[in-house]
Amino acid sequence: MFKTIKLTVKFNVAEVAEMAPNWVLARTNSAGKVKVHTTGEGGPEANQELFVFQKIDGTWKIARYCFLAPPTHHAHN
């Protein structure tokens, strides 16, 4: 995926909650820019994200990830 696009975003951590000793939930939002390498086209990028981390052998790993892009508004004729 990252050979196809370049993301330049900053994450804001909105919430971190320990769900169990080896499980943590992090809620974030991000904003920045995306660029498609093959076309050079790009534009603004913004999402709300949910990460679930699992501690495996003493190291935190991303176990699950999901995101939601804000709705786009289109003019209707």
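- A distance of 9.0 Å separates CD of Glu49 from SG of Cys66, quoted to the nearest 0.5 Å.
- For the side-chain contact (heavy atoms from CB on, under 4.5 Å) with Asn29, the lone residue among Asn12, Asn47, Val13 that qualifies is Asn12.
- Across Lys3 and His37, no two heavy atoms sit closer than the pair O-CD2, 3.2 Å.
- Clustering ILVMFWY residues whenever any of their side-chain heavy atoms sit less than 4.5 angstrom apart, transitively, puts Met19 in a cluster other than the one holding Phe53.
- Between Ala46 and Pro70, the shortest heavy-atom distance links the atoms O-CD, 3.0 Å.
- Within a 6.0 Å radius of CD in Glu41, other residues, nucleotides and ligands contribute 12 heavy atoms or fewer.
- Distance check, rounded to the nearest 0.5 Å: OG1 of Thr28 to CZ of Phe67 gives 11.5 Å.
- Counting only heavy atoms from C-beta outward, the side chains of Leu7 and Glu45 approach each other to under 4.5 Å.
- Counted within 6.0 Å of CZ on Phe11, heavy atoms from surrounding residues, nucleotides or ligands total more than 12; the atom is thus considered enclosed.
- In this structure, the separation between CD on Gln54 and CD1 on Ile62 is 12.5 Å, given to the nearest 0.5 Å.
- The OG1 atom of Thr8 sits 9.5 Å away from atom NZ of Lys35, with the distance rounded to the nearest 0.5 Å.
- Hydrophobic clustering of Ile, Leu, Val, Met, Phe, Trp and Tyr side chains at less than 4.5 Å, counting indirect connections, keeps Val24 apart from Leu50.
- Nearest heavy-atom pair across Pro44 and Val34 is O-CG1, 4.4 Å.
- Contact between Ala63 and Trp23 at its shortest, heavy atoms only, is CB-CZ3, 3.7 Å.
- Note: Phe51 and Tyr65 have tilted aromatic rings, judged against thresholds of 30 and 60 degrees for the angle between ring planes.
- Residue Val9 comes nearest to Ser30 through the heavy atom pair CB-CB, 4.4 Å, listed as atom of the first residue, atom of the second, then distance.
- Expressed to the nearest 0.5 Å, how far NZ of Lys55 lies from CD of Glu18 amounts to 9.0 Å.
- Taking OG1 of Thr39 as the start and CD1 of Ile5 as the end, the distance is 11.0 Å to the nearest 0.5 Å.
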